[in-house]
Amino acid sequence: MDLTTHPYRSVLYIPGSKERALEKAMTLPTDAIIFDLEDAVAPDAKAEARETLATALKEKDYGKRAKIVRINALTTEWGNEDVRVLKDAGADIFLLPKVNTPTDVDALADMLDPATPIWVMMETPVSVFNAREIAAHHRVTGLVTGTNDLTKDLGCRTRADRLPLMTALQMIVMAARAARGVVAIDGVYNRFRDGDGLKAECEQGRDLGYDGKTLIHPAQVEVTNTAFAPTQSEIDLAQRQIEAYEDSMKSGQGVAVVDGQIVENLHVVAAKRILAKMQAISEMAAE
């Protein structure tokens, strides 16, 4: 699997302890799965959960879905054993919670194969202030926003427009983009039966620049996939911009115009990114 071009529109949390959920995940149209050993598993079930998950990753076929394992923090009694049991089980990515500084990543990096990517949870005010340095860590390829924990730590109110979290949301995206090639994933939407609210929050995250959103229920996948995919009008415009720009270069005119707007090289770069994302999505759907 080429994780550099893989889409991450929908990133679904699945409890690592529940065999039925691990089975069902093989059929869901999500781009990625976070197999969770942290928040979704009670303390007295963590040892059994890691063994259950290791067996599932070795024996079950999750197709083109990116397999991400969220271990417990390495500062807990479970984290190191999570890594030992699961590092060779077939996960594509390891997700580290409770990251505050780049050095927090080093311990996990030392325990994993050098080729194994690491994602980190951005869930504290300290992590947000250090977002650029964390994203620049040579092993980090993804930032996952923990909006529930951020809300708790900030003591802010929960609002539909997420205004109290806006600084953090934007700093995380900017850190990912400054690092180049680092994925930025938005936080969960807790009211999983509220499709309209989910759609609005997905569109907000997409417009801020996030690549996708973490989800807590399979019912949220379809709305999220749609929101974070290029629309047909965006695809059509991208194709016309590329064609117009290439034609202008061939003819020596130097200026391309589409729908009354000048098309420069930067627009072509953005247009090619849209088409590449659509191609990756199409390849996922062809599974």
Side-chain angles (χ1 to χ4, degrees), residues 1-14 22-35 57 60-68 90-93 95 115 117 119 141-144 173 176-177 180-186 188-189 195 198-247 256 258-259 263 265-287:
M1 180 186 298
D2 185 355
L3 296 174
T4 62
T5 60
H6 189 84
Y8 293 100
R9 298 166 299 167
S10 51
V11 184
L12 178 65
Y13 283 104
I14 294 289
L22 294 171
E23 188 80 23
K24 184 177 181 180
M26 295 190 295
T27 68
L28 298 173
T30 184
D31 290 343
I33 303 166
I34 294 177
F35 298 97
L57 290 173
K60 299 184 188 301
D61 183 4
Y62 290 97
K64 296 178 181 178
R65 301 164 189 84
K67 302 181 293 294
I68 306 164
D92 297 310
I93 298 166
L95 174 57
W119 284 15
T141 62
L143 306 180
V144 179
V173 171
R177 300 301 170 249
R180 298 186 181 275
V182 173
V183 175
I185 304 296
D186 198 358
V188 299
Y189 184 75
L198 172 64
K199 180 175 182 289
E201 194 165 289
C202 284
E203 291 174 348
Q204 181 195 57
R206 176 201 65 201
D207 293 351
L208 286 173
Y210 279 94
D211 297 290
K213 190 169 185 65
T214 43
L215 311 176
I216 59 172
H217 196 280
Q220 298 178 313
V221 172
E222 183 178 355
V223 170
T224 307
N225 279 346
T226 300
F228 281 94
T231 64
Q232 189 57 52
S233 61
E234 288 173 330
I235 295 169
D236 292 342
L237 176 59
Q239 292 172 332
R240 291 190 292 120
Q241 286 176 325
I242 293 170
E243 291 172 1
Y245 185 81
E246 290 178 347
D247 287 344
V258 174
D259 297 341
V263 177
N265 183 60
L266 63 92
H267 300 112
V268 175
V269 171
K272 289 182 177 179
R273 187 183 303 126
I274 287 172
L275 297 185
K277 184 172 186 176
M278 199 61 234
Q279 177 63 31
I281 291 170
S282 297
E283 290 174 359
M284 277 287 297
E287 180 183 4

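Just so it is clear, the values below take in all heavy atoms, side chains as well, and ignore hydrogens, waters and symmetry mates.
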Indicate the atoms forming the closest heavy-atom contact of Lys24 with Pro218, along with that distance.
NZ-CG, 4.4 Å
Where at least one partner belongs to residues 226-246, residue pairs that pass ring pair (Phe, Tyr, Trp, His ring centres under 6.0 Å), sequence neighbours excluded:
none
Please name all residues satisfying salt bridge (Lys or Arg N to Asp or Glu O under 4.0 Å) with Asp186, sequence neighbours left out, ordered by chain then number.
Arg162, Lys213
Closest contact, heavy atoms only, Leu12 versus Ile216
CD1-C, 4.1 Å
By salt bridge (Lys or Arg N to Asp or Glu O under 4.0 Å), which residues pair with Glu203, not counting sequence neighbours?
Lys199
Atom pair CH2/OG1 of Trp119 and Thr141 - distance to nearest 0.5 Å
6.5 Å
Closest non-hydrogen contact found for Met284 with Pro7 is CG-CG, 3.5 Å
Check step by step if side-chain contact (heavy atoms from CB on, under 4.5 Å) holds for Leu22 and Tyr62.
CA-CA 9 Å; Leu22 294 171; Tyr62 290 97; 3.7 Å; yes
With Asp207 via salt bridge (Lys or Arg N to Asp or Glu O under 4.0 Å) - residues at least two apart:
none
Ile68 side, atom CD1; Ile185 side, atom CD1 - distance, nearest 0.5 Å:
7.5 Å
Which pairs, with at least one residue in residues 216-230 and sequence neighbours excluded, count as a side-chain hydrogen bond (donor to acceptor under 3.5 Å, both in side chains)?
Ser10-Asn225
Solution key, residues 265-276 side-chain donor-acceptor pairs under 3.5 Å, sequence neighbours excluded:
from	atom 1	to	atom 2	distance (Å)
His267	ND1	Glu264	N	2.9

Keeping the roles fixed (side chain from Lys64, backbone from Glu283), state whether a donor-acceptor pair exists under 3.5 Å.
yes
Where Phe35 and Leu57 come nearest, the two heavy atoms and their spacing
CE1-CD2, 3.8 Å
I'd like to know if Arg240 pairs up with Asp247 as an ion pair, taking the criterion as any Lys NZ or Arg NE/NH1/NH2 lying under 4.0 Å from an Asp or Glu carboxylate oxygen.
no
Are any side-chain N or O atoms of Asp211 and backbone N or O atoms of Tyr8, one a donor and one an acceptor, separated by less than 3.5 Å?
no
Might you point out which heavy atoms bring Leu237 and Val258 nearest each other, and give the distance in Å?
CD1-CG1, 3.8 Å
Quick check: closest heavy atoms across Glu234 and Ala229, and the distance to 0.1 Å?
OE1-O, 4.4 Å
Backbone N or O of Ile33 within a donor-acceptor pair of the Arg65 side chain at under 3.5 Å?
no
Can you check whether Val182's main-chain N or O pairs, donor with acceptor, with Arg177's side chain at less than 3.5 Å?
yes
Residues, nucleotides or ligands: over 12 heavy atoms within 6.0 Å of Lys60 NZ
yes
